[in-house]
There are 2 protein chains.
Amino acid sequence: MPDTLSQTFSALADPTRRAMLARLSRGEASISDLGEPFRKRMSLPAITKHVKVLERAGLIIKARRAQQRPCKLNPEALKDVANWMEQYRQYWEESFDRLDAYLKTVTAAANEPKKGDPDEHAK
Amino acid sequence: MPDTLSQTFSALADPTRRAMLARLSRGEASISDLGEPFRKRMSLPAITKHVKVLERAGLIIKARRAQQRPCKLNPEALKDVANWMEQYRQYWEESFDRLDAYLKTVTAAANEPKKGDPDEHAK
DNA sequence: GCATTATATAACCAACAAGTTAATTAACCA
DNA sequence: TGGTTAATTAACTTGTTGGTTATATAATGC
């Protein structure tokens with residue numbers, strides 16, 4: 001299913017493409033710049049395909065200057081991922097299993113002291 | 001390539017699986033609980049496969065209680081994603097195109113005032 | 001022991017992803 | 001005009017994903 005977020009996550013699910021993004025986080029780069037670290041391992045068409053995946057996922061923007069195709073990061077897709085992640089922040093943050101979990105237990109008990117709540121885990 | 005982060009992103013690249021995670025963020029759930037919203041659309045084996053993908057990606061932890069397999073979120077994988085995202089925070093945050101970009105231009109100009117810098121975007 | 005409930009496995013299929021080589025387009029340069 | 005550089009397209013192969021149906025396992029309850 002080609003919903004935007006799925007496309008973005010799927011584009012990120014490849015170390016070559018993540019390396020390309022890392023490269024772009026240090027500045028604009030052409031296709032061959034982006035591919036250079038992989039040229040021993042893979043052909044140029046493979047590289048342009050990876051770039052195209054990043055582009056279709058909205059993670060980069062490709063321009064044209066002479067024969068080159070200078071690429072840069074597009075914040076939009078990254079922002080979408082960050083927004084999606086937000087809803088899970090409490091789960092990965094250090095304090096969750098300790099203070100935060102404790103606080104939720106306390107407030108839940110105060111609001112609704114009934115036992116066997118199906119949402120037990122959410123505390 | 002089955003590096004952990006790629007597996008995690010690839011597990012997230014599916015709306016069914018993201019919906020399952022959303023369900024789990026509101027509390028523990030069994031396989032059939034997780035699958036219930038999709039039972040009109042897909043078979044049970046398809047559902048257990050999705051759950052298995054989430055499990056192998058480290059996004060959930062599956063226990064056993066009688067015939068059920070109660071699942072819960074595993075913060076570890078989410079934390080890995082969040083950590084990876086951190087390096088791009090500046091790109092998606094509101095202020096980037098404005099203040100931050102401006103500040104980088106200024107400091108770059110102070111250090112190296114030459115024009116047509118190939119790293120222009122990084123400023 | 002037997003039926004029921006919950007989940008898992010096997011075998012299969014269609015669609016897609018990631019790579020290849022070979023050929024093509026497009027811009028620049030002399 | 002012709003050559004070089006940068007990137008793309010085409011055609012193909014191979015492996016993986018996401019689904020199916022049918023069958024099997026495993027724990028519970030009578």
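In this text the structure is predicted, and so the values were computed from the model without any measurement. Note on naming: letters A, B, ... go to the chains in the order of the sequence lines (proteins, then strands), and numbering restarts at 1 for each one.
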Taken to the nearest whole Å, CZ/F9(A) to C1'/dT17(D) is 18 Å
Whole-Å distance, R17(A) CZ to dG19(C) C1', equals 12 Å
With sequence neighbours left out, the residues meeting side-chain hydrogen bond (donor to acceptor under 3.5 Å, both in side chains) with K62(B) are E55(B)
Run the side chain to side chain contact (heavy atoms under 4.5 Å, CB included) check on I47(B) and M20(B) step by step: do they pass? CA-CA 10 Å; I47(B) 285 160; M20(B) 287 175 167; 3.9 Å; yes
Rounded to whole Å, CD1 of I47(B) lies from P of dT5(C) at a distance of 18 Å
Checklist entry - So, is S32(A) close to the dA6(D) phosphate, meaning a side-chain N or O under 4.0 Å from OP1 or OP2? => result no
Polar-atom pairs under 3.5 Å, protein N or O versus N or O of nucleotides 9-11 of chain D: list them with distances, or write none.
residue, atom, partner, partner atom, Å
dT9(D), OP2, K52(A), NZ, 2.7

Exactly one of L24(B), V81(B), L12(B) clears side chain to side chain contact (heavy atoms under 4.5 Å, CB included) with L59(B), and that residue is L12(B)
Rounding to 0.5 Å, atoms CG (L78(A)) and CE (M85(B)) come to a distance of 5.5 Å
For residues 31-47 of chain B, the side-chain hydrogen bond (donor to acceptor under 3.5 Å, both in side chains) pairs (sequence neighbours left out) are S30(B)-D33(B)
Taken to the nearest whole Å, CG/L44(A) to P/dA6(D) is 10 Å
CG (L54(B)) and CG (L21(B)) are apart, to the nearest 0.5 Å, by 5.0 Å
Whole-Å distance, I60(B) CD1 to dT7(C) C1', equals 13 Å
Between the CG atom in L73(A) and the CD atom in Q90(B), the distance rounded to the nearest 0.5 Å is 9.0 Å
Exercise. Kindly determine whether S10(A) and F9(B) satisfy side chain to side chain contact (heavy atoms under 4.5 Å, CB included), including the steps that lead there.
Key: CA-CA 6 Å; S10(A) 147; F9(B) 276 127; over 6 Å; no
With sequence neighbours left out, the residues meeting side-chain hydrogen bond (donor to acceptor under 3.5 Å, both in side chains) with R69(A) are none
Using atom names, set out every protein N or O paired with an N or O of nucleotides 24-30 of chain D below 3.5 Å, distance rounded to 0.1 Å.
residue, atom, partner, partner atom, Å
dA27(D), N3, Q67(B), NE2, 3.2
dT28(D), O4', Q67(B), NE2, 3.4

To the nearest 0.5 Å, atom OG1 of T4(A) lies from atom CD of E76(A) at 11.5 Å
query = NA contact type, S30(A), heavy-atom cut-off 4.0 Å: base, sugar-phosphate, or nothing?
reply = sugar-phosphate
- At under 4.0 Å, does any side-chain N or O of K62(A) touch on OP1 or OP2 of dT8(D)? yes
Test: E28(A) and R65(A) ion pair at under 4.0 Å: yes
To the nearest angstrom, the CD1-P distance between I31(A) and dA26(C) comes to 16 Å
Ordered by number, residues from residues 34-42 of chain A within less than 4.0 Å of DNA chain C (heavy atoms) are R41(A), M42(A)
Q) So, is H50(A) close to the dG19(C) phosphate, meaning a side-chain N or O under 4.0 Å from OP1 or OP2? A) yes
Between CD of Q68(A) and P of dT5(D) the distance, given in whole Å, is 12 Å
